[in-house]
J.: 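Questions regarding the structure given below will be posed in turn.
For the numbers below, each heavy atom of this structure counts, side chains included, while hydrogens, waters and symmetry mates do not. Numbering of ligands and ligand atoms starts at 1, following listing order.
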Amino acid sequence: MSNRTFTMIKPDATNKGYTGAILDQIIKAGFTVKAMKWTKLTEEQAGLFYDIHRARPFFQELVDFMISGPIVAAILEKENAVADFRTLIGATNPAQAEEGTIRKLYAASIGENAVHGSDSDENAAIEGDFFFSKLERF
Ligand code: CMP
């Protein structure tokens, strides 16, 4: 069980002004920020980040969405970080997300779902390394 996960606040949420409220909810849930970056992905970067979904029918839609505005990338620390963060954000489809979860509160659809959360310890490490050098995490 690792104590770190990776998240992105996605362009739908940053464009609607939800960044502060989402970060507040994450920190109040007990996560500590170990690295954080406000940036805008290029099409190539978004494609590489979601490379695992390249064959899916929604891939281009996902890439176009992910480059439609700025994102916040962060590495978060907490005991049982990956599982607890996925509980905090709720189901991928906000229509199926529990009341009070970040996606229930701030997401509009399965594609535009406000936040990303790593699905395993291995992917948390890979995704954190995608955005942050050793000098950028504390
Ligand atoms: P995320 O958890 O970031 O990981 C993969 C993303 O693909 C997911 O959130 C959604 O934003 C997106 N996604 C998954 N399923 C669909 C779908 N059926 N249609 C559009 N986008 C999807």
J.: I need the nearest protein heavy-atom contact for atom 19 (N) of ligand 1: residue, atom name and distance, please.
T.: F58 CB, 3.6 Å
J.: Identify which of H116, E61, K10 has a heavy atom lying nearest to atom 9 (O) of ligand 1.
T.: K10
J.: Do the ring planes of Y50 and H116 sit parallel (below 30°), tilted (30 to 60°) or perpendicular (above 60°)?
T.: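 If you compare the ring of Y50 with that of H116, the planes turn out perpendicular.
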J.: Please state which part of I110 comes within less than 4.0 Å of ligand 1, counting heavy atoms only: side chain, backbone, both or neither.
T.: both
J.: How far is atom 4 (O) of ligand 1 from its nearest protein heavy atom, and which residue and atom is that?
T.: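 I find the closest protein heavy atom is Y50 CE2, 3.6 Å.
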J.: What's the shortest distance from atom 5 (C) of ligand 1 to any protein heavy atom, and which residue and atom give it?
T.: H53 NE2, 3.4 Å
J.: V115, L88: one ILVMFWY side-chain cluster at the under-4.5 Å cut-off?
T.: yes
J.: If we only count N/O pairs under 3.5 Å, is G117 in contact with ligand 1?
T.: no
J.: What are the two closest heavy atoms between A124 and S118, and how far apart are they?
T.: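 Minimum heavy-atom contact is CA-OG, 3.3 Å.
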J.: Considering all heavy atoms of both residues, which atom of A91 and which atom of R103 are nearest to each other, and what is their separation?
T.: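 Closest approach of A91 to R103, heavy atoms only: O-CD, 3.1 Å.
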J.: Can you name the nearest heavy-atom pair linking T5 to F85, along with the distance?
T.: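 Of all heavy-atom pairs spanning T5 and F85, the closest is CG2-CB, 3.9 Å.
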J.: Determine, using ring centers only, whether F131 and F6 are less than 6.0 Å apart.
T.: yes
J.: Relative to the heavy atoms of R103, which atoms of ligand 1 are at a distance of less than 4.0 Å?
T.: 2 (O)
